[in-house]
Amino acid sequence: MIRILLAEDDSVMREYLTRALERSGYAVTAVDRGTAALPLITEERFDLLLTDIVMPEMDGIELAQKAQELAPGMRVMFITGFAAVTLKAGNTMPQARVLSKPFHLRDLVLEVERLFDVDAANELI
């Protein structure tokens, strides 16, 4: 089962995304900020870090950078209502997909599926 670490400071959005992803067959661990995600990355294995970009204490870009140092194989997907932030991040932005808010839950699930289908297809080649 694919394990997702979700970092989202908005509690309603966090619960909404968690339920949708779990209903789609993913194991989800959700936290309310990046600083809460880091210890989990060192203690457990996750396949995907799904993170908001704009959060208190540590933004999603910094979280993704630190996560890739701690768990280099973990994939990253950003969810954000501030797409311009990703453009300003430039070269400091880790290799990741970006899904801009608002989005339909179906779009999120499809993006997660695509992320892992592409990787599975590449492993077969």
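All values below were derived from every heavy atom in this structure, side-chain atoms included, with hydrogens, water molecules and symmetry-related copies excluded. Since the structure is predicted, the reported quantities are computational estimates derived from the model, not experimental observations.
For the atom pair CD (Glu113) and CD1 (Ile2), the distance works out to 8.5 Å, reported to the nearest 0.5 Å. Expressed to the nearest 0.5 Å, how far CG of Leu38 lies from NZ of Lys66 amounts to 6.5 Å.
Considering only heavy atoms from C-beta on, Gln68 comes within 4.5 Å of Val76 through its side chain. Glu8 has its side chain out of reach of Thr51: every pair of non-hydrogen atoms, C-beta onward, lies at least 4.5 Å apart. Contact annotation: the side chain of Thr29 approaches that of Arg3 to within less than 4.5 Å [non-hydrogen atoms, C-beta and beyond]. Residues Met13 and Leu17 form a side-chain contact, since some pair of their non-hydrogen atoms from C-beta on lies under 4.5 Å apart. You'll find the side chain of Tyr16 stays beyond 4.5 Å of the side chain of Asp10, heavy atoms only.
The hydrophobic cluster containing Val28 also contains Leu99, counting ILVMFWY residues as joined when their side-chain heavy atoms lie under 4.5 angstrom apart, directly or transitively. Note on Leu115 and Leu110: separate hydrophobic clusters, where clusters join Ile, Leu, Val, Met, Phe, Trp and Tyr whose side-chain heavy atoms are under 4.5 Å apart, directly or indirectly. Under the 4.5 Å side-chain heavy-atom criterion for grouping Ile, Leu, Val, Met, Phe, Trp and Tyr, Leu40 is connected to Met58 within one hydrophobic cluster.
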Evaluation steps, side chain to side chain contact (heavy atoms under 4.5 Å, CB included), between Ile53 and Ile79: CA-CA 7 Å; Ile53 291 180; Ile79 48 175; over 6 Å; no

Please test Met55 against Asp52 for side chain to side chain contact (heavy atoms under 4.5 Å, CB included), starting from the C-alpha separation and ending with a verdict. CA-CA 7 Å; Met55 295 186 291; Asp52 191 3; 4.0 Å; yes

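Among residues at least two apart or in separate chains, salt bridge (Lys or Arg N to Asp or Glu O under 4.0 Å) pairs with a member in residues 19-39 are Arg33-Glu57.
Smallest separation of non-hydrogen atoms from Arg14 and Ala30: CG-CB, 3.7 Å. Annotation for Leu49 and Ala64: closest pair CD2-CA, 3.9 Å, computed over non-hydrogen atoms. What you find for Ala27 and Met1 is that their closest heavy atoms are CB-SD, 3.4 Å. Contact between Ala20 and Val109 at its shortest, heavy atoms only, is O-CG2, 4.4 Å. Nearest approach of Met74 to Ile41, heavy atoms of both residues: CE-CD1, 4.0 Å.
By the 6.0 Å contact criterion, CZ on Phe103 is enclosed, its count of non-hydrogen atoms from other residues, nucleotides or ligands being greater than 12. Within a 6.0 Å radius of CZ in Arg45, other residues, nucleotides and ligands contribute more than 12 heavy atoms.
In this structure Val112 satisfies the side chain to side chain contact (heavy atoms under 4.5 Å, CB included) test together with Ile4, Leu21, Tyr26, Leu48, Met77, Leu108, Phe116, sequence neighbours excluded. Annotation: salt bridge (Lys or Arg N to Asp or Glu O under 4.0 Å) contacts of Asp9 (sequence neighbours excluded): none.
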